[in-house]
Amino acid sequence: MSDSSPLKVAVTGAAGQIGYSLLFRLASGALGDRPIELRLLEIEPALKALEGVVMELDDCAFPTLAGVEIGHEADKIFDGVNLALLVGARPRTKGMERGDLLEANGAIFTAQGKALNSVAADDVRIGVTGNPANTNALIAMTNAPDIPKERFSALTRLDHNRAISQLAAKTGASVTDIKKMTIWGNHSATQYPDLFHAEVNGKNAAETVNDQDWLENDFIPTVAKRGAAIIEARGSSSAASAASATIDAARDWLHGSAADDWVSMAVVSDGSYGVPEGLIYSFPVITKNGDWEIVQGLEIDDFSRSRMEATANELIEERDAVKELGLI
Ligand SMILES: NC(=O)C1=CN([C@@H]2O[C@H](COP(=O)(O)OP(=O)(O)OC[C@H]3O[C@@H](n4cnc5c(N)ncnc54)[C@H](O)[C@@H]3O)[C@@H](O)[C@H]2O)C=CC1
Ligand SMILES: O=C([O-])CC(=O)C(=O)O
């Protein structure tokens with residue numbers, strides 16, 4: 001496919017909160033100058049609201065927007081898509097943990113995995129934002145046996161961005177001075193945001209901060225529980241920041257990460273760092289030409305190791321729960 005042909009991008013849950021921010025960013029060129037064709041999937045009752053969003057997209061007269069199609073049938077909407085952003089899912093509300101969402105959302109990702117398997121373009125990349133994101137990605141991946149497993153990822157870029165922002169505030173550095181942030185594991189409260197390999201102005205972040213108490217009792221819980229804090233404050237879950245992170249992740253996946261940096265993506269484990277093979281686990285990755293590679297050779301101390309194992313154990317429990325439900 002030539003680069004001037006439109007990139008076909010599917011977005012599920014397009015009439016939702018995240019969709020309302022994401023679609024306008026995609027349509028206005030956040031993934032580059034290549035024209036974009038949006039394929040928007042929603043449940044039938046939400047299609048009328050989605051028509052209103054499409055009217056607004058039209059009214060923006062975005063030069064990069066080559067077309068929009070909407071519908072409730074995954075087989076039609078996913079036909080020939082190069083990128084699928086799976087956002088649509090039931091969001092968490094006050095007091096719910098992500099585990100509560102497994103069953104409600106499992107059925108959605110089984111059906112969508114199957115549909116992508118039969119009709120998506122050969123070069124499709126699939127990013128899962130809908131929670132529980134890692135396990136939803138595992139379900140979609142397992143139900144799409146003809147799509148290479150490396151084409152699936154779940155979003156931990158929001159956590160990555162949150163961690164950068166917290167570290168910048170603590171050190172007085174700007175966000176662009178911070179490199180090599182890593183989120184390990186699950187997009188949940190067990191995730192492990194790692195300062196031992198991050199850098200502030202080229203210097204080790206943990207050494208720069210030099211405050212283990214802050215790192216353990218402030219930084220890690222603030223990042224890991226930021227989603228719940230936003231729900232508590234806003235009354236609904238993060239939306240614009242989630243859309244922004246979804247864009248960051250897709251852009252870097254398609255176009256590559258910066259030469260002196262890496263990004264966090266939840267991808268299928270190949271056993272690196274002792275993470276059980278086959279789990280969708282967030283690692284530090286370098287992206288290039290639409291592919292990712294896990295950063296190898298990082299030294300892991302006992303503190304980091306125990307956190308990395310705890311979040312892996314939660315993912316194993318989620319995997320076993322959806323296996324029990326017959327979803328994978
Ligand atoms: N990974 C991350 O960093 C983050 C993930 N999220 C998750 O993203 C998801 C979406 O969040 P919001 O947009 O706030 O939710 P929302 O409730 O505003 O929108 C979700 C949309 O999905 C649609 N939907 C439900 N089932 C569908 C299906 N089978 N096919 C297509 N569409 C379907 C709903 O009709 C609704 O319009 C939630 O699961 C939320 O927890 C939210 C923030 C961050
Ligand atoms: O916490 C939630 O339910 C929404 C989410 O994933 C986040 O903001 O990280």
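In this chain, numbering begins with 1 at the start of the sequence shown. We count ligands from 1, going down the list as the structure has it; atoms in each ligand are counted the same way.
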*Could you list the atoms of ligand 1 found under 4.0 angstrom from a heavy atom of V87?*
8 (O), 9 (C), 10 (C)

*asked:* Checking the side chain of D270 only, and the main-chain atoms of S272 only, is there a donor and an acceptor separated by less than 3.5 Å?
replied: yes

*How long is the span from the OG atom in S257 to the CZ atom in R251, to the nearest 0.5 Å?*
10.5 Å

*asked:* I need the contact type for I108 against ligand 1. Using non-hydrogen atoms and a strict under-4.0 Å cut-off, is it side chain, backbone, both or neither?
replied: side chain

*Any donor and acceptor pair, going by atom type alone, linking the side chain of R234 with main-chain N or O of E232 inside 3.5 Å?*
no

*Report yes or no: does I231 have a heavy atom closer than 4.0 Å to ligand 2?*
yes

*With atoms numbered from 1 as shown, which atoms in ligand 1 lie under 4.0 angstrom from a non-hydrogen atom of G88?*
22 (O)

*Salt bridge or not for R39 and E37, using N-O below 4.0 Å?*
yes

*asked:* Which of the numbered atoms in ligand 1 are under 4.0 angstrom from any heavy atom belonging to A89?
replied: 20 (C), 22 (O), 39 (O)

*Any nitrogen or oxygen of H187, main chain or side chain, under 3.5 Å from a nitrogen or oxygen of ligand 1?*
yes

*Which part of L158 is near ligand 1, with near meaning a heavy atom under 4.0 Å away: side chain, backbone, both or neither?*
side chain

_Would S238 count as being in polar contact with ligand 1, using the rule that some N or O on each side must be under 3.5 angstrom apart?_
no

*Which ligand 1 atoms are under 4.0 Å away from a heavy-atom of G130?*
7 (C), 8 (O), 9 (C), 39 (O)

_Which segment of Q112 sits under 4.0 Å of ligand 1 when only heavy atoms are counted_ = side chain

*Backbone or side chain, does any N or O of H187 fall under 3.5 Å from an N or O of ligand 2?*
yes

*Minimum heavy-atom distance M181-W262, with the two atoms named*: O-NE1, 2.9 Å

*asked:* I'd like to check which ligand 1 atoms, numbered from 1 as shown, lie under 4.0 Å from a non-hydrogen atom of A242.
replied: 43 (C), 44 (C)

*In terms of atom number and element, which parts of ligand 2 are under 4.0 angstrom from non-hydrogen atoms of R162?*
7 (C), 8 (O), 9 (O)

*asked:* With a 4.0 Å cut-off on N to O distance, would you call K114 and D146 a salt bridge?
replied: no

*Which option out of T246, L50, I43 puts a heavy atom nearest to atom 33 (C) of ligand 1?*
I43

_Contacting atoms of ligand 1, where contact means under 4.0 angstrom from a heavy atom of L155_ = 1 (N), 2 (C), 3 (O)

_Which of the ligand 2 atoms, numbered from 1, are nearer than 4.0 Å to a heavy atom of S238_ = 7 (C), 8 (O)

*According to the interplanar angle, ranging from 0 to 90°, do the rings of Y281 and F283 count as parallel (below 30°), tilted (30 to 60°) or perpendicular (above 60°)?*
tilted

*Please say whether V128 places an N or O atom under 3.5 Å from an N or O atom belonging to ligand 1.*
no

*Contact atoms of ligand 2, heavy-atom distance to S237 under 4.0 Å*: 4 (C)

_Residue N131 vicinity, atoms of ligand 2 by number, heavy atom under 4.0 Å_ = 3 (O), 4 (C), 5 (C), 6 (O)

*At their closest point, which heavy atom of A250 faces which heavy atom of L83, and how far apart are they?*
CB-CD2, 4.2 Å

*Between E44, E42, H72, flag the one that comes closest to atom 35 (O) of ligand 1 by a heavy atom.*
E42

*asked:* Could you go through N131 and N136, starting from their C-alpha distance and side-chain angles, then the distance that decides it, and tell me whether this counts as side-chain hydrogen bond (donor to acceptor under 3.5 Å, both in side chains)?
replied: CA-CA 7 Å; N131 279 321; N136 287 340; over 6 Å; no

*List every atom of ligand 1 that sits less than 4.0 Å from any heavy atom of G13, numbering the atoms from 1 in the order shown and giving each element.*
21 (C), 22 (O), 23 (C), 31 (C), 32 (N)

*Apply the test salt bridge (charged side-chain N to carboxylate O under 4.0 Å, His left out) to residues D252 and R157: give CA-CA distance (whole Å), side-chain angles for both, the deciding distance (0.1 Å), then the verdict.*
CA-CA 11 Å; D252 287 348; R157 185 60 174 266; 2.9 Å; yes

*For D211 and K170, what are the C-alpha separation, side-chain angles and deciding distance, and is it a salt bridge (charged side-chain N to carboxylate O under 4.0 Å, His left out)?*
CA-CA 11 Å; D211 184 349; K170 172 75 175 170; 3.7 Å; yes

_With a 3.5 Å distance limit and no angle check, can you tell me whether R319 reaches the backbone of G278 through a side-chain donor-acceptor pair?_
no

